[in-house]
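Shown next, in structure tokens, is the structure this report addresses.
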Amino acid sequence: MDTKEEIIRQFEAQTAPLSPETHEKLTNILVRFELTKGELFLREGEICKYYSMVAQGMIRLFYDKNGRDLTEHFSYEKGIFVSLESYFRQTPSYLMIEALEPTVIYSFPHDQLQDLMRTNHEVEHMYCKMLENSLIESQQKADACRFETARERYHRLATEHPEVVKRAPLIHIASRLGMTPETLSRVRAGLL
């Protein structure tokens with residue numbers, strides 16, 4: 001999955017059908033980025049200017065809080081990601097986005113996507129579906145942190161996103177699940 005047309009089809013599959021004309025308009029604004037392992041796509045204090053999808057590789061969204069690295073989200077092939085607050089408000093982000101592997105990303109620039117939404121109902125509908133999916137995912141994560149045990153949270157991640165468990169460093173997985181690396185080790189060993 002590494003052409004603009006394939007990426008638009010993936011956005012379409014996750015949101016809403018698009019006419020060939022709209023597909024072409026979206027293809028024309030899509031921007032390709034290649035990141036090396038450890039490279040930041042978004043730094044703290046920068047404004048998020050892209051709504052993106054991973055074509056190859058894996059990224060993580062994370063915060064630095066009092067010197068602690070807190071992973072918010074992982075995204076890998078076909079995964080959509082954005083620093084929501086920064087993107088919507090066009091204000092500096094507290095969230096950072098880092099490539100965990102050599103990664104190829106395709107992105108919709110904020111201003112160009114907004115322009116298309118003003119003139120194209122299909123793009124507006126696709127955008128609403130992207131936001132809806134992001135909000136549902138955020139709610140599910142919040143509910144899991146509130147109501148599930150460490151074992152249940154790990155099992156959910158392993159079931160719904162096995163690629164994260166296979167490819168992401170354990171320290172980042174533990175952070176994403178709201179537990180210490182030691183607790184994660186016990187969960188993985190079946191001790192909890």
Side-chain angles (χ1 to χ4, degrees), residues 1-36 39-63 70-142 160-161 163-164 168 176:
M1 180 181 71
D2 195 12
T3 69
K4 289 183 175 187
E5 290 77 18
E6 290 170 335
I7 296 297
I8 298 300
R9 280 194 288 279
Q10 283 304 316
F11 272 105
E12 188 176 13
Q14 294 180 40
T15 58
L18 301 170
S19 68
E21 296 80 23
T22 299
H23 186 100
E24 184 179 346
K25 287 177 183 180
L26 288 168
T27 300
N28 289 338
I29 68 167
L30 204 58
V31 180
R32 184 178 195 269
F33 295 94
E34 289 186 37
L35 305 173
T36 58
E39 186 175 351
L40 291 177
F41 184 66
L42 180 68
R43 289 175 168 71
E44 184 175 9
E46 292 180 344
I47 295 172
C48 182
K49 296 180 180 172
Y50 300 101
Y51 212 109
S52 305
M53 178 181 280
V54 176
Q56 295 172 249
M58 180 180 283
I59 58 94
R60 75 179 178 118
L61 287 73
F62 71 102
Y63 297 93
L70 302 173
T71 299
E72 174 71 20
H73 179 73
F74 294 101
S75 195
Y76 51 93
E77 290 81 9
K78 300 180 186 176
I80 296 172
F81 67 93
V82 66
S83 175
L84 281 174
E85 182 179 6
S86 177
Y87 183 83
F88 291 137
R89 295 184 174 170
Q90 287 296 279
T91 57
S93 179
Y94 295 106
L95 194 66
M96 292 173 272
I97 301 173
E98 173 189 33
L100 295 178
E101 305 171 349
T103 301
V104 175
I105 295 168
Y106 283 88
S107 303
F108 291 120
H110 177 272
D111 294 346
Q112 290 176 295
L113 189 58
Q114 296 297 314
D115 288 345
L116 271 181
M117 282 189 339
R118 283 189 266 288
T119 60
N120 186 305
H121 179 69
E122 288 180 305
V123 174
E124 183 179 40
H125 184 66
M126 180 193 80
Y127 186 75
C128 286
K129 285 302 222 178
M130 290 187 315
L131 297 179
E132 186 178 290
N133 293 340
S134 292
L135 291 171
I136 289 168
E137 188 174 322
S138 293
Q139 182 66 53
Q140 289 172 337
K141 180 182 180 241
E160 294 176 2
H161 300 285
E163 289 300 311
V164 170
R176 164 61 180 81

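For the numbers below, each heavy atom of this structure counts, side chains included, while hydrogens, waters and symmetry mates do not.
Considering CG of Leu113 and CD of Glu124, their distance stands at 11.0 Å, rounded to 0.5 Å. For the atom pair CZ of Arg32 and OG of Ser107, the computed distance is 11.5 Å after rounding to the nearest 0.5 Å. Separation of atoms CD1 (Ile8) and OG1 (Thr3) is listed at 9.5 Å; rounding is to 0.5 Å. A distance of 4.0 Å separates CE of Met117 from CD of Gln114, quoted to the nearest 0.5 Å. The structure places OG1 of Thr15 at 8.5 Å from NZ of Lys129, a figure rounded to the nearest 0.5 Å. The distance from the CD atom of Glu46 to the CG atom of Leu95 is 11.5 Å, given to the nearest 0.5 Å.
Judged purely by atom type and a 3.5 angstrom limit, Glu34 has no side-chain atom pairing as donor or acceptor with the backbone of Thr103. No donor-acceptor distance shorter than 3.5 angstrom exists from the side chain of Glu101 to the backbone of Tyr76, with no hydrogens or angles considered. Lys25 places no side-chain N or O within 3.5 Å of a backbone atom of Leu116 that could act as its donor or acceptor partner. A distance-only check finds a donor-acceptor pair linking the side chain of Glu12 to the backbone of Leu18 [under 3.5 Å]. Side-chain atoms of Asn120 never come within 3.5 Å of backbone atoms of Thr22 as a donor-acceptor pair (strictly under, hydrogens ignored).
At least one side-chain heavy atom of Met58 sits under 4.5 Å from a side-chain heavy atom of Val164. Side-chain contact between Phe74 and His161 is absent, with no heavy atoms from C-beta onward closer than 4.5 Å. Between Thr27 and His23 the shortest side-chain heavy-atom distance falls below 4.5 Å. Taking 4.5 Å as the limit, every side-chain heavy atom of Glu21 sits out of range of all side-chain heavy atoms of Glu122. Side chains of His110 and Ile47 form no contact here, defined as non-hydrogen atoms less than 4.5 Å apart. Within the 4.5 Å cutoff, the side chain of Met130 has no heavy atoms near those of the Gln14 side chain.
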- Given Lys49 and Leu42, is the side chain to side chain contact (heavy atoms under 4.5 Å, CB included) satisfied, shown in steps? CA-CA 9 Å; Lys49 296 180 180 172; Leu42 180 68; over 6 Å; no
- Query: Between Glu132 and Ile136, does a side chain to side chain contact (heavy atoms under 4.5 Å, CB included) hold up when you go through it step by step?
  - Reply: CA-CA 6 Å; Glu132 186 178 290; Ile136 289 168; 4.1 Å; yes
- Would Ile59 and Phe41 count as a side chain to side chain contact (heavy atoms under 4.5 Å, CB included) if you check the C-alpha gap in whole Å, the side-chain angles of each, and the deciding distance to 0.1 Å? CA-CA 9 Å; Ile59 58 94; Phe41 184 66; 6.0 Å; no
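Atom CD of Glu44 has more than 12 heavy atoms from other residues, nucleotides or ligands within 6.0 Å. Atom NZ of Lys141 has more than 12 neighbouring heavy atoms from other residues, nucleotides or ligands inside a 6.0 Å radius.
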Could you list the donor-acceptor pairs under 3.5 angstrom formed by side chains in residues 79-88, with sequence neighbours left out?
from, atom 1, to, atom 2, distance (Å)
Ser83, OG, Ser93, OG, 3.0
Glu85, OE2, Arg89, NH1, 3.1
Ser86, OG, Cys48, N, 2.8
Ser86, OG, Thr91, O, 2.6

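Residues satisfying the ring-ring contact (aromatic ring centres under 6.0 Å, His included) criterion with Tyr94, sequence neighbours excluded, are absent altogether.
Between Phe33 and Tyr50, the ring centre distance stays below 6.0 Å. Taking the six-membered ring where the residue is Trp, the centroids of Phe108 and Tyr127 are separated by 6.0 Å or more.
Of the listed residues (His73, Arg176, Glu98, Glu72), just one forms a side-chain contact (heavy atoms from CB on, under 4.5 Å) with Phe62, and that residue is Glu98.
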